[in-house]
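Bear in mind the structure is a predicted one, so any value in this text is a computation, not a measurement. Just the heavy atoms: all of them, side chains too, but no hydrogens, waters or symmetry mates, feed the values below.
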Amino acid sequence: ITAAQGTLDNNYTYTFVDGILTINPAPATVTAKNISRPYNTENPELTYTISDASGAVITIPGMPSLATTATPESPVGEYPITAAQGTLDNNYTYTFVDGILSITALPETITIDPLIYTLIKGTINYSVNSCETSYNGEILIPSSISVEEYPYSVTEIAEWAFYECSGITDITISEGISFIKDGAFAGCSGLSAVTLPESLTSIGDGVFAGCTLLEQISIPDGITEIGNYSFFSCESLTEVNLPAGLTLIGEGAFSYCSALSDIELPYELVKIDKQAFSECSSLTEVSLPEGLNEIGDYSFLSCTSLTSVQIPETVTLIGKMAFAGCTALNQIVIPASVEEIKTSAFEECSNLDKVYFSSSEPPSAGENLFAGCPETLVICYPAGSQANWGTTWQGFPTQACNSDGTPITLTITAIDQSRPYGTVNPELTYTITDETGAEFSVSGSPELSTTATPESPVGEYPISIAQGTLDTNY
């Protein structure tokens, strides 16, 4: 600090001694702001305030450094937010006040009208738990929802979530949802259209049971099994698109779908469980895929319009009453791969007139396979196997047939005979063989004759043969 005379009295002589002005750093307080976030989310931006000695908020060049020990995986609790000078102006003396980062638990239940979501135990994902039963119209089910401005995934639709929500007409399920659990849309009697996402991997039991106005459904490629009674009593369902990788159609999956007239079954299907298509009264034909192993009990029970069934060579079991009551079914081919046919499999097939078995031996069979079928029903088997099939099977006549069901050709051969001159002709005899050369038995007998008489001279005489009373089915 320098001094000069200024206006001092001139009657003096002055000596000036400089002084020093010391500028000390101003006090400032840096306070880390308290913040919170839900569990398992990224930390929000850490913020602060700076105040002077009076408590007034001020601005200082630079920024403090802020840090916390909390990570996205940190459990629910409080974590310190620490502050340090960082790049703040050195002209201040700083006091640092720590803040708190509070990690809060996710809410168990969230309502976003008209849907109610529930936290899935042990996860950070939510399921659609229920819907306002009075809601009418279309619904979009999202794959994420916001919790305290943080997005969380919705991965499933809970059991019975929309049960008997009869006012819902159209449902679109967003990509990202993987599971639809048992009965989720059961009894939605006003539902006519559903869009399923490709992300879907599981459809539970009874999911769309009783959706009586649903007309069409396309099952996405990620589905390998259709749950029991999934589309039970969907009376208006006319079109079903099944994924190529489907291996199982569950019990009663499409039973009582009375408008369903045809369905294309995928190549990888292994099992049709019991009652899968029972009472599908409009179903006219079914081509079962190669690879199918089992046709379950009652699978096609009372499919009264069914006229044609193609059973592949991979099927080993036809279940109890599998085709019972299929009153329009006229013929059916049972491949050689079938090892067992259970009780009453074709009972009351009142128009069935021919069943062709490709195997040379009868399969293991339950009782009353063809009870209530016409008395004119014929059981067909391949040439060369009459010894195994006999003349009747399951109470119906058997017949050797070609694979198309037409009778095989039999060869009647008169046996060569000889006798001495002047004697009576011996009894004329014959053999019957099928197309394989195997001896064959048939009802009736041929008519045999020769021109030779006791007086005929030495020589050879033809023995001619005609059908006589032989079975006219050959």
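- Two residues are said to be in side-chain contact when any heavy atoms from C-beta on lie closer than 4.5 Å; P107 and V147 meet this criterion.
- Shown here are the side-chain contact (heavy atoms from CB on, under 4.5 Å) partners of T327, two or more places apart in sequence or in another chain: T304, S350.
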Check your understanding: Could you walk me through whether S153 and N125 pass the side-chain contact (heavy atoms from CB on, under 4.5 Å) check?
Key -> CA-CA 5 Å; S153 295; N125 300 323; 3.5 Å; yes
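- Side-chain atoms of S143 come within 3.5 Å of backbone atoms of E175 as a donor-acceptor pair (strictly under, hydrogens ignored).
- A donor atom on one side chain and an acceptor atom on the other are not found under 3.5 Å apart for E290 and Y267.
- With hydrogens and angles left out, the side-chain atoms of S218 and Q216 include a donor and acceptor closer than 3.5 Å.
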Practice item. Could you walk me through whether I124 and Y150 pass the side-chain contact (heavy atoms from CB on, under 4.5 Å) test, one step at a time? Key: CA-CA 12 Å; I124 57 169; Y150 288 86; over 6 Å; no
Exercise for review: I would like to know whether F162 and I139 meet side-chain contact (heavy atoms from CB on, under 4.5 Å); could you show each step before the answer?
Suggested key: CA-CA 11 Å; F162 295 85; I139 281 187; 3.9 Å; yes
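- Judged purely by atom type and a 3.5 angstrom limit, D182 has no side-chain atom pairing as donor or acceptor with the backbone of E159.
- For the pair V315 and L317, the tightest heavy-atom approach, listed with the atom from each and the gap, is CG1-O, 3.6 Å.
- The main-chain N or O of I141 is found under 3.5 Å from a side-chain atom of S174 such that the two form a donor-acceptor pair.
- Ring centroids of F440 and Y474 are separated by less than 6.0 Å, placing the two rings close together.
- Remark: the backbone N or O of G291 is paired with a side-chain donor or acceptor of T314 at under 3.5 angstrom.
- For the atom pair CD1 of I226 and CD1 of I203, the computed distance is 6.0 Å after rounding to the nearest 0.5 Å.
- Here the shortest heavy-atom pairing between L352 and C373 reads CD2-SG, 4.3 Å.
- Contact check for L46 versus T68: side-chain heavy atoms found under the 4.5 Å cut-off.
- Residue E156 holds its CD atom at 3.5 Å from CD1 of I120, rounded to the nearest 0.5 Å.
- Across all their heavy atoms, L292 and P312 have their closest contact at CB-CG, 4.3 Å.
- Scanning all heavy atoms of the two residues, the minimum distance from S236 to A259 falls at C-CB, 4.0 Å.
- Looking only at distances, no side-chain donor or acceptor of Q386 sits under 3.5 Å from a matching main-chain atom of T391.
- Relative ring orientation between F370 and F396 is described as perpendicular, the plane-to-plane angle rising above 60° on a 0-90° scale split at 30° and 60°.
- Counting only distance, with no hydrogens or angles, the side chain of T307 and the backbone of L329 share no donor-acceptor pair below 3.5 Å.
- Residue F185 is tested with F232, F208, W160 for a ring-ring contact (aromatic ring centres under 6.0 Å, His included); the sole match is F208.
- S385 places no side-chain N or O within 3.5 Å of a backbone atom of E361 that could act as its donor or acceptor partner.
- Counting only N and O atoms by type, the side chains of T429 and Q417 include a donor and acceptor under 3.5 Å apart.
- Remark: the backbone N or O of E313 is paired with a side-chain donor or acceptor of S337 at under 3.5 angstrom.
- Across all their heavy atoms, S344 and A324 have their closest contact at O-CB, 3.7 Å.
- In this structure, the separation between CD on E339 and CD1 on I318 is 11.5 Å, given to the nearest 0.5 Å.
- Side-chain atoms of S192 come within 3.5 Å of backbone atoms of T169 as a donor-acceptor pair (strictly under, hydrogens ignored).
- Rounded to the nearest 0.5 angstrom, L260 CG and E235 CD are separated by 13.0 Å.
- Ring pair Y381/W393: centre-to-centre distance not below 6.0 Å.
- For the residue pair T201/S178, the side-chain donor-acceptor check at 3.5 Å is not satisfied.
- We find the CG-CG distance between L237 and L213 to be 11.5 Å, quoted to the nearest 0.5 Å.
- Taking CZ of F231 as the reference point, atom CD1 of I219 lies at 4.0 Å (rounded to 0.5 Å).
- The aromatic rings of Y126 and Y152 lie perpendicular to each other, with more than 60° between the two planes, well past the 30° mark.
- No hydrogens or angles considered: a donor-acceptor pair under 3.5 Å links the side chains of Q275 and Y229.
- Side chain of S127 to main chain of T155: no donor-acceptor pair is present (N/O by atom type, distance under 3.5 Å, no hydrogens or angles).
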